[in-house]
Amino acid sequence: MLDYLLAIHAKGSVICSVCAGAFILAQSGLLRGRTITTHWQLEQQLAHYHPDLNIDINKIVIDDVDIITAGGLMSWMDLCFALVTRYANARDTRQLGKYLVVDTGVRDQRYYQSFSPGYSHGDDKIALVQRHIQASYGAPLDIDTLATLACMTSRTFIRHFSKATGLTPIHYIQRVRIQKACEWLESSAKSVESISYLVGYEDVNSFRKVFVKAIGLTPSAFRSRFVATQNEA
């Protein structure tokens, strides 16, 4: 299969992948040095086997001229729309979307991501801090306190934490809090202001800015997209 992909690519064919199909293209070498996407849950595994790739899991489709990669399992529809737009036009894509009753508007894969941190990195002290953050995300969390919990200096703690998790402590805390906020938005009718406070933000404007940066939607827009009813307690 790899020989076939290389041969038809050399003849000018455009090669596309969906979801885990990116692993096959990566094995062929055709993705080397490119920015590509795959399912958001597969990012770390793909990066482990192919560290030369620039993986952007925020995107559903990345069109790199001769190589097109698509993210989630159902993103083959997004890939089809991208191909129709390329070889026909955007108007035909919109009409096709209306006929299929499928949204052809711009979407990001990050709308659908969940933050599920790993604890199997082998650093027990950092895992201890991770569990503390998971249990205390609504309380004030500062670097010095977390470093003391890990029995490290602040500088050493930041270095060890970033190596183990792939995120700085501040970024990690933000991701945990935003994930919790998404769960509250999806499962309750609590106001955005209340949820902001529950996940550790006293300033709702700061919360909104961090939420938009992480998810690509405002908290209200996220709730409107993913919650059919808001009558839950």
**OP:** Could you tell me which residues satisfy side chain to side chain donor-acceptor pair (under 3.5 Å) with R86, sequence neighbours excluded, listed by chain and number?
**Re:** D63
**OP:** Give the minimum heavy-atom separation between F226 and E186, together with the two atoms involved.
**Re:** CB-OE2, 3.9 Å
Subject >> R107 and D78 ion-paired at < 4.0 Å >> reply: yes
Original post:
What do the steps show when you test Q45 against H50 for side-chain hydrogen bond (donor to acceptor under 3.5 Å, both in side chains), and what is the final call?
Top reply: CA-CA 9 Å; Q45 186 178 359; H50 302 280; over 6 Å; no
Original post:
What are the two closest non-hydrogen atoms of N58 and Q113, and how far apart are they?
Top reply: OD1-NE2, 3.5 Å
Original post:
Yes or no on side-chain hydrogen bond (donor to acceptor under 3.5 Å, both in side chains) for S191 and S194, after CA distance, side-chain angles and deciding distance?
Top reply: CA-CA 5 Å; S191 69; S194 296; 2.9 Å; yes
Original post:
For Y201, what residues pass the side chain to side chain donor-acceptor pair (under 3.5 Å) criterion, not counting sequence neighbours?
Top reply: none
Subject >> Test: R34 and D66 ion pair at under 4.0 Å >> reply: yes
**OP:** Hey, could you give me the CD1/CG distance between I36 and L30, rounded to the nearest 0.5 Å?
**Re:** 12.0 Å
**OP:** Could you tell me whether W76 atom CH2 has more than 12 heavy atoms of other residues or ligands within 6.0 Å of it?
**Re:** no
Original post:
Of T93, T104, D92, which meets side-chain hydrogen bond (donor to acceptor under 3.5 Å, both in side chains) against T85?
Top reply: T93
**OP:** Start with the C-alpha gap between Y137 and Q179, add the side-chain angles, then the distance that decides, and say whether side-chain hydrogen bond (donor to acceptor under 3.5 Å, both in side chains) holds.
**Re:** CA-CA 10 Å; Y137 61 87; Q179 177 59 37; over 6 Å; no
**OP:** Count the heavy atoms of every other residue, nucleotide or ligand shown that sit under 6.0 Å from CZ of F23, and state whether that count exceeds 12.
**Re:** yes
**OP:** State, with a plain yes or no, whether a side-chain heavy atom of I126 is found less than 4.5 Å away from one of T165.
**Re:** yes
**OP:** Please lay out, stage by stage, how Y197 and F207 fare under the test ring pair (Phe, Tyr, Trp, His ring centres under 6.0 Å).
**Re:** CA-CA 9 Å; Y197 180 77; F207 166 68; over 10 Å; no
Original post:
Does the distance from a Lys or Arg side-chain N to an Asp or Glu carboxylate O, for E193 and R208, drop under 4.0 Å?
Top reply: yes
Original post:
Quick one: does I60's side chain get under 4.5 Å of T37's, heavy atoms only?
Top reply: no
Original post:
Just by distance, do the side chain of S136 and the backbone of A139 share a donor-acceptor pair under 3.5 Å?
Top reply: no
**OP:** List the steps, then state whether side chain to side chain contact (heavy atoms under 4.5 Å, CB included) holds for V192 with S220.
**Re:** CA-CA 7 Å; V192 172; S220 297; 3.9 Å; yes
Subject >> Residues R110, D108: salt bridge by 4.0 Å N-O rule >> reply: yes
**OP:** Looking only at non-hydrogen atoms, find the nearest pair between I55 and A47 and report the distance.
**Re:** CD1-N, 3.7 Å
**OP:** Please lay out, stage by stage, how S154 and D144 fare under the test side-chain hydrogen bond (donor to acceptor under 3.5 Å, both in side chains).
**Re:** CA-CA 6 Å; S154 295; D144 290 340; 2.6 Å; yes
Subject >> side chain to side chain donor-acceptor pair (under 3.5 Å) partners for E43, two or more places apart >> reply: none
**OP:** Measure from the ring center of Y111 to the ring center of F222 and say whether it is less than 6.0 Å.
**Re:** no
Original post:
If every non-hydrogen atom of P117 is compared with every non-hydrogen atom of Q130, which pair is closest and at what distance?
Top reply: CB-NE2, 4.0 Å
